[in-house]
A.B. asks: 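Please see the structure below; I have some questions.
Per chain, numbering begins at 1; letters A, B, ... match sequence-line order. All figures in this text were calculated on a predicted structure; none of them were measured in a lab.
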There are 2 protein chains.
Amino acid sequence: MHRPRREMIAETRAKLIAAARHAFGTVGYAEASMDDFTASAGLTRGALYHHFGDKKGLLQAVIREIDAEMSARLKVVSARADNLWQGFVDECTAYIEMALEPEIQRIVLRDGPAVLGDPSQWPSQNECIHSMAESIRRLSDEGTIVAVDVEAAARLISGASLHAAQWIANSDDPKATSKKAVKAFNVLLEGLLKRPGGPQDRMRALSGMH
Amino acid sequence: MHRPRREMIAETRAKLIAAARHAFGTVGYAEASMDDFTASAGLTRGALYHHFGDKKGLLQAVIREIDAEMSARLKVVSARADNLWQGFVDECTAYIEMALEPEIQRIVLRDGPAVLGDPSQWPSQNECIHSMAESIRRLSDEGTIVAVDVEAAARLISGASLHAAQWIANSDDPKATSKKAVKAFNVLLEGLLKRPGGPQDRMRALSGMH
DNA sequence: TCAATTGGCATACGGAGCGTATGTTGATAG
DNA sequence: CTATCAACATACGCTCCGTATGCCAATTGA
């Protein structure tokens with residue numbers, strides 16, 4: 001026994017993050033008692049404050065971990081597709097499906113923003129957005145889609161995806177709701193595709209917005 | 001003096017809602033002390049518990065009030081446009097602009113979902129969505145846009161709008177960010193418009209999503 | 001090898017906030 | 001006119017959080 005010090009410390013941090021992640025994901029951030037979930041990890045609040053400063057710091061660490069997993073999953077999905085557009089579509093699909101998971105929905109999509117502020121300011125969340133933005137950039141370079149600010153497009157699409165996912169997850173008939181959402185999402189995404197017949201100098205949809 | 005009883009009661013409720021709305025909108029729900037903001041209204045927590053049950057109940061009432069205002073504003077905006085499409089565009093614009101207001105952003109978009117759960121389940125929020133869905137339905141009847149589930153489209157668009165608004169509000173250069181967001185939003189909305197040349201039997205964007 | 005020191009974590013204490021139980025007052029009904 | 005009940009205020013106990021303090025083990029330097 002008597003493993004190296006560094007390992008014990010890392011294990012303590014990992015246990016705290018795991019316990020907090022479980023508590024936050026089930027009962028929610030506000031209802032999660034620090035005394036309770038530190039005890040469930042065989043520790044006390046002393047360890048928590050030492051490593052993470054406070055409850056919000058621990059939430060940050062939890063979200064960082066989840067977001068890293070999400071980002072990795074997105075990268076895998078988009079990389080294994082045959083072509084860029086299909087990879088992008090798969091990425092969107094994966095994004096929606098991840099947002100359906102209760103743990104992600106509660107911690108990242110609901111409690112996170114309330115406690116840590118707007119997600120667009122998180123370094124972690126930006127990683128996910130960046131992954132989608134990169135896909136869009138490649139599509140743009142390839143000439144498949146129209147010229148558009150990649151970050152803006154990525155944020156709009158992720159916003160639509162996340163709301164769609166929450167709607168689906170909480171609907172009475174998730175299966176049917178999913179079908180409707182995907183179909184409508186489909187229609188919107190078509191706006192990105194270049195028109196086959198020529199330049200799109202048609203009526204600009206939101207020309208009225210200053 | 002000695003105004004009717006009902007009026008006094010209604011005034012008490014209104015004062016509590018107003019005080020809570022201010023507190024929630026500035027320091028946030030979690031940091032708002034019930035003792036503090038009830039006192040600022042010249043009352044105590046006794047009145048709060050009597051009228052609203054608990055802190056969450058009061059938040060519900062606050063959100064209901066804000067949402068009613070939002071819904072009314074949307075109705076006005078869409079009604080005064082020359083045509084349906086322009087009215088819809090104006091409605092989207094108004095939606096984004098409302099989401100830029102700090103009070104709405106904090107109470108309705110961040111704290112609300114964390115405390116009360118997914119907004120798609122709120123009777124109030126559904127009012128706003130319903131307003132947008134109604135506009136889309138009329139556009140669909142009119143033949144301006146493609147056939148699409150109106151609620152799904154409304155939710156996707158509102159999701160994109162809200163995220164865009166949060167991104168804009170928290171960006172370093174809101175003016176520039178707004179331009180980029182609106183332009184991308186524009187592109188996506190074009191997916192809704194019927195193609196002038198014929199039926200849209202082209203590649204379906206998300207055919208890969210089950 | 002043996003202090004000395006430092007970091008990792010637990011314990012103890014004080015304060016704040018929330019929910020409930022109870023009290024008080026004033027208006028309305030009969 | 002009185003009895004009742006609604007509309008609030010007060011009081012109490014509990015839980016939870018943050019900080020200050022204490023202890024122990026592991027590392028460091030000679």
A.B. asks: By a strict heavy-atom criterion of less than 4.0 Å, which residues belonging to residues 12-26 of chain A are in contact with DNA chain C?
C.D. replies: A:Thr12
A.B. asks: What is the distance, to the nearest angstrom, from the NZ atom on A:Lys55 to the P atom on D:dT15?
C.D. replies: 16 Å
A.B. asks: Show me the side-chain donor-acceptor pairs of residues 130-139 of chain A shorter than 3.5 Å, one per line, residues at least two apart or across chains.
C.D. replies:
unit_1   : atom_1 : unit_2   : atom_2 : d
A:Ser131 : OG     : A:Glu91  : OE2    : 3.1
A:Ser135 : OG     : A:Glu91  : OE1    : 2.5
A:Ser135 : OG     : A:Ser131 : O      : 3.4

A.B. asks: Take atom CE of A:Met34 and atom C1' of C:dA12, then tell me their distance rounded to the nearest Å.
C.D. replies: 16 Å
A.B. asks: Given atom OH of B:Tyr29 and atom C1' of C:dC18, what is their separation to the nearest angstrom?
C.D. replies: 10 Å
A.B. asks: Please classify the nucleic acid contact of A:Ala32 as base, sugar-phosphate, or nothing, using heavy-atom distances under 4.0 Å.
C.D. replies: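 Result for A:Ala32 = sugar-phosphate.
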A.B. asks: May I have all residue pairs that pass salt bridge (charged side-chain N to carboxylate O under 4.0 Å, His left out) and include part of residues 24-35 of chain B, sequence neighbours excluded?
C.D. replies: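 Listed by first then second residue: B:Asp35-B:Arg45.
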A.B. asks: Let me know the distance between CG of B:Asp54 and C1' of C:dA21, rounded to the nearest Å.
C.D. replies: 17 Å
A.B. asks: Could you list all the ring pair (Phe, Tyr, Trp, His ring centres under 6.0 Å) pairs where at least one residue sits in residues 145-172 of chain B, not counting sequence neighbours?
C.D. replies: A:His163-B:His163
A.B. asks: Can you establish whether the number of heavy atoms outside B:Asp82 located under 6.0 Å from its atom CG is more than 12?
C.D. replies: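 Incorrect, the count does not exceed 12.
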A.B. asks: Can you measure A:Ile9 atom CD1 to D:dA25 atom C1' for me and round it to whole angstrom units?
C.D. replies: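 Nearest whole value for this atom pair: 11 Å.
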A.B. asks: Which residues, if any, of residues 35-52 of chain A bring a heavy atom under 4.0 Å of DNA chain C?
C.D. replies: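 The answer is A:Gly42, A:Leu43, A:Thr44, A:Arg45, A:Gly46, A:Ala47, A:His50, A:His51.
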A.B. asks: Kindly state each residue pair satisfying ring pair (Phe, Tyr, Trp, His ring centres under 6.0 Å) with at least one member in residues 58-77 of chain A, sequence neighbours excluded.
C.D. replies: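 Listed by first then second residue: nothing to list.
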A.B. asks: For A:Asp36, check side-chain contact (heavy atoms from CB on, under 4.5 Å) against everything at least two apart and list the hits.
C.D. replies: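 Per chain and number, A:Asp36 pairs via side-chain contact (heavy atoms from CB on, under 4.5 Å) with A:Ser33.
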A.B. asks: Among residues at least two apart in sequence or on other chains, which ones pass ring pair (Phe, Tyr, Trp, His ring centres under 6.0 Å) with A:Phe24?
C.D. replies: A:Tyr29, A:Phe37
A.B. asks: Hey, could you give me each pair passing side-chain hydrogen bond (donor to acceptor under 3.5 Å, both in side chains) that has a residue in residues 12-28 of chain B? Not counting sequence neighbours.
C.D. replies: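 For residues 12-28 of chain B: B:Arg21-B:Glu65, B:Arg21-B:Glu69, B:Arg21-B:Glu103.
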